[in-house]
**Q** 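Pasting in a structure now, in structure tokens, and then I'll have a few things to ask.
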Amino acid sequence: MVDLNATLIAQIINFLLLVAILAKFAYKPLMQILEERQKRIASDLEKAAQEKENAEKFRQEYQNQLADARVQAQAIVEKATKQAEQEAQRQLQEVRAQIEREKKVAQEEIIREREKALAQLRGEVVSLSMAAAGKLIAKNMDSDVNAKLVSDFIDKLDERKIGGLSC
């Protein structure tokens, strides 16, 4: 068995006294430091989780804004395309209207020139008729026959087309 002597009892008392001193001056502050460290670590973990959540929230907002921007860009492109097509159609219609106006002016000019040519042709026909009538009268003194010949000649000219033009 163990022999209890004064040295052993002094060592036990010293050990218990050392444990009491260490418990009061070292263990409690050490435990307090460990507890504070544990709280700080828990707080840091909580902040990190919150920051991660905020980062995820910002990432999601960024993706939403990016998707909205893409939709808006597509709408702008479609609108610009539609406006360009409308402008092209408008210009095409203006060109067609201008061509139609120029066509009408040209047709009117052709009609005026045709009428002018017909009037000039009629004048020449009358001159030729008069010349032919003068020659016939000079050869023939029968005025009834000559008048009938000139009249028939002018009527035939009016009935026919001269050079593709009607008189």
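Below, each value reflects all heavy atoms present in this structure, side chains not excepted, and no hydrogens, waters or symmetry copies.
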**Q** Atom CD1 of I41 and atom CG of L34: how far apart are they, to the nearest 0.5 Å?
**A** 9.5 Å

**Q** Measuring from R101:CZ to E94:CD, what's the distance to the nearest 0.5 Å?
**A**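 Rounded to the nearest 0.5 Å, the CZ-CD separation comes out at 8.5 Å.
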
**Q** Tell me the closest heavy-atom pair linking N5 and L8, and the distance in Å.
**A**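 Smallest interatomic distance, heavy atoms only, reads OD1-N, 2.9 Å.
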
**Q** Could you tell me whether E53 atom CD has more than 12 heavy atoms of other residues or ligands within 6.0 Å of it?
**A** no

**Q** Salt bridge check, K39 against E35: does any charged N sit closer than 4.0 Å to a carboxylate O?
**A**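 Yes.
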
**Q** Any side-chain donor paired with an acceptor under 3.5 Å for E87 and Q91?
**A**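 Indeed, the side chains of E87 and Q91 share at least one donor-acceptor pair under 3.5 Å.
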
**Q** Among side-chain atoms of E102 and Q98, is any donor-acceptor pair under 3.5 angstrom?
**A** yes

**Q** Taking side chain as C-beta onward, heavy atoms only, is Q60 less than 4.5 Å from Q63?
**A**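 The answer is yes, as the side chains (C-beta and beyond) meet within the 4.5 Å cut-off.
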
**Q** Are F25 and L17 linked, directly or through other ILVMFWY residues, by side chains that come within less than 4.5 angstrom of each other?
**A** yes

**Q** Check the surroundings of atom CZ in R59: do more than 12 heavy atoms from other residues, nucleotides or ligands lie under 6.0 Å from it?
**A** yes

**Q** Identify all side-chain donor-acceptor contacts of residues 75-85 below 3.5 Å with residues at least two apart in sequence or on another chain.
**A**
residue : atom : partner : partner atom : Å
E78     : OE2  : Q74     : NE2          : 3.3
T81     : OG1  : V77     : O            : 2.8

**Q** Take a 6.0 Å sphere around CD of Q86 and say whether it holds more than 12 heavy atoms from other residues, nucleotides or ligands.
**A**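 More than 12 heavy atoms, drawn from other residues, nucleotides or ligands, come within 6.0 Å of this atom.
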
**Q** So, taking the atom named CD1 in I13 and the one named CG in L18, what distance separates them when rounded to the nearest 0.5 Å?
**A** 13.5 Å

**Q** Decide yes or no for F58 and E61: does some side-chain heavy atom of the first lie under 4.5 Å from some side-chain heavy atom of the second?
**A** yes

**Q** When rounded to the nearest 0.5 angstrom, what distance separates CG in L30 from CD in Q32?
**A** 10.5 Å

**Q** At what distance, to the nearest 0.5 angstrom, does CD1 of I110 lie from NZ of K103?
**A**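 Interatomic distance, I110 CD1 to K103 NZ, rounded to 0.5 Å: 10.5 Å.
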
**Q** Look at atom CZ of R96 and say whether more than 12 heavy atoms of other residues, nucleotides or ligands are closer to it than 6.0 Å.
**A** no

**Q** So, applying side chain to side chain contact (heavy atoms under 4.5 Å, CB included) with N54, which one of Q50, K52, E56 is it?
**A**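 Exactly one pass, corresponding to Q50.
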
**Q** In Å, rounded to the nearest 0.5 Å, how long is the span from CD1 of I21 to CG of N14?
**A**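 That separation rounds to 9.0 Å.
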
